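Just so you know, these numbers use all the heavy atoms, side chains as well, and skip hydrogens, waters and symmetry mates. In this text the structure is predicted, and so the values were computed from the model without any measurement. Atoms within a ligand are numbered from 1 in the order they appear, just like the ligands themselves.
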Amino acid sequence: MDVTKILAAKYPAKAHAARVAAYIRAKTGVTDGVLYVEGQASGLLEDCDEPVPFRQRRAFMYLSGLDDVADSYLVHDMATAHTTLFIPPVDPEEVIWSGLPLSADDALARCDVDAVLPATELNATLARLGAAAAKNTVFAIADRVAPHVSFLGFDATDFAVLGEAVDECRVVKDEYEVALIRQANMISEAAHQAVMRNVRAAKNEYELEALFLGECHKKNAKFQAYPSIVASGRSAATLHYVHNNKEMPGKDLLLLDAGCEWKLYASDITRTFPISGKFTKESRAVYDIVLKMQLDCIAMLKEGVAWDDVHLLAHKIAIDGLLALGVLKGDKEEILKARTSAAFLPHGLGHYLGMDTHDTGGHPNYADPDPLFRFLRVRRNLPANSVITVEPGIYFCDFIIRPYLKDPKHAQFIDEKVLDKYWDVGGVRIEDNILVTKDGSVNLTDCPKDPEELEKIIMGA
Ligand code: GLY
Ligand code: MN
Ligand code: MN
């Protein structure tokens, strides 16, 4: 994939608008109407005059491609497929502090829209569009319409379907979005390897977090897709550990789950490797199980596969592996039926990835009575061109596992004596970002995970 060439074009906002409009037509039967979305408003922190960190609204980005400008609006006329972007007008008092805002010409050159107007023209444009047809509907997102915006010219308003349409359309990525995710991955991969090369010398997790962030920032990836998890030893058993402040020497593994974003598109990569440069017998055994889980699950991917089935495969391999280690004992089918493996793999196998790290459209069921599937963030058959993380793990978390040891239903399958040898392994997770295709998949993450290669990198070989 020639990322540079693909990203030299404009973000495909009009293609996105066409897909969203088609979804709305199919769902509502309304053939024409107006799509209205707002970008994030600027604001100050509640107790001082510093700005709230800016995070563009995803629906606005999807339909405009404008990732970094606050107080903007977008109107798309479904009948003509004409898109108008509204940007903040020049406020002379603000220029002294912030410089000139984005000009209309620059916005037109940058964004895949037909016209750019100052935001002061928004209500007049909406009134004109509302009056243009005998019966006209405006589609907007509930709670995302500023009080100063008027839909009075329209015959009908729909605040339900647009948000759903954007969320559903986002599942299937176009080439441009895949290139953005790949670009984020390339930067994060290099930062992961910088951490591997420096892990032996580091004394504390925060040194490595700083290194990761700096490596990304040096390449103009200033923002992370999520708070980095830099977890040494037993800290890795806490799934979203973000303290990143523990001393490291003498511990076995470091779990690094970190990824930058590129123009709002996320990378989400986890690598687990030995702090000393050499796996212990126990950590290598667990690593090998998790790597097999990941490789076999990736091999199963192609258009139409049920994510539930891939997740189930991960559990089956975990059970086989933990039986071979002696941590589990008994019949593998009985163990699966009892859901005992959830003690060691308490999270889902992965999630859609896009503008959000946990991207839209997965339809999780957090009320699922089956503990094996409760935290699975995607409960669908995967369409071609969706991007999903494959991130199996095995964890030795006292807080999670102890209740299983007290419950005879599970305790019969766990050998506590053998388990005692593994607490210091903490946790192993391996996470890549995968593009699902018609016949298989493409791994968008190219970062070492072979255990011997990891040892070599850490030892500086
Ligand atoms: N980094 C968060 C996750 O993997 O879901
Ligand atoms: Mn993830
Ligand atoms: Mn992750």
Do any nitrogen or oxygen atoms of T357 lie less than 3.5 angstrom from nitrogen or oxygen atoms of ligand 1? no
So Y287 and F279, would you call those rings parallel, tilted or perpendicular, with 30° and 60° as cut-offs? tilted
Sub-4.0 Å atoms of ligand 1 with respect to non-hydrogen atoms of H240: 2 (C)
Under 2.8 Å from the Mn ion (ligand 2), which protein N, O or S atoms do you find? Ignore water molecules. D268 OD2, H351 NE2, E391 OE2, E431 OE2
Would you kindly say whether H240 and Y226 are connected by a side-chain donor-acceptor distance under 3.5 Å? no
Taking 4.0 angstrom as the limit and counting only heavy atoms of H351, give me the atoms of ligand 1 inside it, by number and element. 3 (C), 4 (O), 5 (O)
Taking atom types as modelled, is there a side-chain donor on H351 or E391 under 3.5 Å from an acceptor on the other? yes
Using heavy-atom distances, let me know which of R429, R377, H358 sits nearest atom 5 (O) of ligand 1. H358
Are a donor atom and an acceptor atom from the side chains of S232 and K251 found within less than 3.5 Å of each other? yes
Which ligand 1 atoms are under 4.0 Å away from a heavy-atom of E431? 4 (O)
Which of parallel (below 30°), tilted (30 to 60°) and perpendicular (above 60°) describes H311 and F373? tilted
For the residue pair K263 and Q183, confirm or rule out a side-chain donor-acceptor distance under 3.5 Å. no
Can you confirm whether D398 is buried at CG, in the sense that more than 12 heavy atoms of other residues, nucleotides or ligands lie under 6.0 Å from that atom? yes
For the residue pair T357 and D268, confirm or rule out a side-chain donor-acceptor distance under 3.5 Å. no
Mode of T270 contact toward ligand 1 - side chain, backbone, both, neither (heavy atoms, under 4.0 Å): neither
Should the ring pair Y176 and Y11 be called parallel, tilted or perpendicular, given that the plane angle runs from 0 to 90° and is split at 30 and 60? perpendicular
Heavy-atom nearest neighbour in the protein, as seen from atom 3 (C) of ligand 1, with distance rounded to 0.1 Å: D268 OD2, 3.4 Å
